[in-house]
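Note that ligands are numbered from 1 as they come in the structure, with each ligand's atoms numbered from 1 the same way.
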Amino acid sequence: MLEKKTQFIISVTPLVKIPLIRDQFFYYLADEKLPPGTLVSIPLFKKTVGGVVIESRDDFPRVGGMKLKKIDKVLELNFITKEQLTLAKYISEYYIISLGVVLKNFVPKRTKARSADYVACSMKHVIKDKIVLTDEQAGAVKKITRKGADKFLLFGPAGSGKTEVYIHSILELKKQNSDSQFLILVPEKTLTPQALERYGAYFPENEMALLSSNLSKGALFSNWQRIRSGEAKIIIGTRMAVFAPFQKLALIVIDEEQDMSFKQWDMNPRYDARTVAEELTKLYGCRLVRGSATPSIETYFKTQNKSYTLLTLSDSYHPKNSTAQKVRSTIELVDMKKERWVRNYSCISKKLKSEISYALKNNLQTILFINRQGMSNFSVCKSCKTVLKCPDCDRALIYSSREYKCPHCTFVASAIPNCSKCHGIEFRNVGLGTQKVEREVKDFFPSARILRLDSESNNKKDFQKEAYEKFSRGEIDILIGTQMITKGWDLPRMSLVGVIDADNMLTLPDFRTGEKAWQNLVQLAGRVSRPGARFPGRIIIQTYRPENKLLSLIVQNDYQLFYEQELPDREILHYPPFGKIAKLVFEDYNQKRVVNETERVYNLLNVENCALQITSPADCFVSKIRQRFRRQLIIKFQKKLPQKSLAILRSLPTGWVIDIDPISTI
Ligand SMILES: [Zn+2]
Ligand SMILES: [Zn+2]
């Protein structure tokens with residue numbers, strides 16, 4: 001008689017999308033028990049896919065002789081840690097997204113690093129100066145490192161020495177426990193080399209690991225393994241770093257916490273690394289410090305309701321001289337209406353012109369900032385005033401380098417485009433482009449060395465890095481650019497910032513418009529208010545609406561006033577921090593289908609106790625992309641979505657995108 005071989009039933013979550021109305025795992029057979037988190041390959045719908053083991057148990061009597069397939073191959077035991085598995089389940093539930101899609105982010109491509117890859121993480125060793133912390137800094141370090149797993153907001157202007165507080169907190173916690181790991185999140189991959197250099201001055205190279213999409217697949221995987229083994233202790237990364245297999249996390253730092261890049265808004269899972277980091281603090285019982293010169297309203301609110309401790313750095317700080325004099329920058333508004341009265345039709349006001357010329361004479365550097373958000377740059381037909389639009393998207397074409405291009409898809413109009421209404425062939429370019437500003441500045445200052453840095457010039461690889469290096473070597477006098485230059489550039493000879501079109505920042509119909517404008521402008525101001533600078537920096541903001549309340553608050557640079565002004569509006573309209581938002585977008589080639597489907601779901605959701613408030617379906621701000629029509633619903637709710645609406649969202653058909661805590665409602 002044949003002895004029956006013991007077999008085990010293994011539940012496996014495949015690393016693919018599974019509709020949320022069904023279980024997020026399938027049963028398979030294996031000859032041995034497999035620990036949760038084990039990476040396997042499995043047969044699924046005639047394909048072989050990767051999967052993660054959720055549970056193993058003894059075979060059970062299967063009704064109707066239910067046939068199970070065998071696990072194809074065991075790839076790596078315990079690849080996903082217990083904490084990672086818990087975190088993945090949390091993200092899947094919170095963001096209402098298939099567990100397999102979430103788990104994919106926890107599984108980097110398993111590949112060997114080429115030896116050249118390691119060069120990417122090697123760093124120049126900076127000579128470490130003896131750092132003297134100010135009383136405020138020392139006090140902050142003391143609070144962060146005391147016993148207990150607390151959450152903090154470190155609030156201090158640019159140049160107040162927030163990084164020194166992070167570094168000294170890590171040094172202290174490392175002294176308390178040498179096995180501890182530390183996660184430093186930065187908003188953009190372009191900022192990781194600078195961070196690596198600063199932290200690299202304090203910690204041995206073999207204890208550091210970088211996690212960002214800059215890295216080759218091999219280097220990323222090798223750093224992933226070094227974090228799991230516990231060898232890597234100081235982990236610097238972009239939002240993706242929250243998925244790493246930490247062993248013993250003691251502190252998470254979120255630098256520039258207000259930055260929207262921490263939220264993945266354009267693909268699933270639409271997670272926010274700041275929310276995920278809070279979950280990590282629960283899993284590891286670790287501390288969290290968010291740092292900013294312009295904290296988000298939501299984070300500052302948390303210090304007011306005491307779920308976060310507020311730590312303030314008020315003074316400018318100079319690492320070698322803690323009593324260095326503060327240099328205050330001044331912010332000034334220029335009314336562009338008045339410029340027109342005196343027949344100045346340039347996009348540069350007389351005031352700004354004279355400041356640029358002063359800076360040039362004194363060998364100081366200038367940044368001219370142009371906001372590209374909204375419809376700042378388009379072309380209209382000369383005879384019938386129709387805007388020239390992309391045929392596939394609801395977006396105005398942008399004229400640059402003698403071509404009309406769509407900002408959303410790859411569409412480029414023929415050299416001589418036709419007006420869609422009257423077939424006219426003459427167009428007038430409206431609005432400000434970086435190129436137009438560049439032309440005017442060149443006319444005014446023919447000998448100045450000018451560099452334009454925008455999304456087009458930035459397409460060239462390493463252009464931004466090159467620009468930064470040129471600028472820091474003093475080879476550029478005037479830099480003209482869009483918002484990307486507000487981040488991370490700390491240069492001593494930069495003394496003037498001109499904001500060419502502040503109004504453009506204030507017109508988007510979104511609840512965060514004011515906050516974003518505030519953050520952008522204050523960040524820009526921070527670029528020229530460095531300690532030890534020879535001249536106080538100047539910020540010139542050009543506007544047609546100098547009476548705007550937000551702009552006048554920016555001139556006063558008083559965060560508390562700004563916060564107190566924003567908060568009541570948020571409360572009345574149930575916006576965060578007083579309520580939560582889910583944005584539901586439906587896309588399809590068939591416009592009628594889009595209208596019907598959004599109407600259907602709206603009616604389903606619009607019953608009692610489903611949410612605080614649901615807006616009726618409306619076209620998205622960009623109502624058509626790549627020939628697909630788009631409509632949206634906004635749901636406002638308290639803390640958690642009610643069960644009823646959750647069930648509806650889980651059963652939405654393909655074509656819907658659910659975005660919990662979206663960065664905007666437009
Ligand atoms: Zn026309
Ligand atoms: Zn297009």
Geometry at the Zn ion (ligand 1) - C381 SG versus C384 SG angle, rounded to 10 degrees: 120°
Row for the Zn ion (ligand 2): angle SG (C393) to SG (C390), 10° precision, value 110°
Neighbour count >12 (heavy atoms, 6.0 Å) for atom CZ, R428: no
Donor-acceptor side-chain pairing of T238 and E188 below 3.5 angstrom: no
Candidate list L521, I541, V497, L524, test side chain to side chain contact (heavy atoms under 4.5 Å, CB included), partner I331, passing option: I541
N/O/S of C422 less than 2.8 Å from the Zn ion (ligand 1)? yes
For S296, does its backbone N or O pair with a side-chain atom of E257 as donor and acceptor, under 3.5 Å? yes
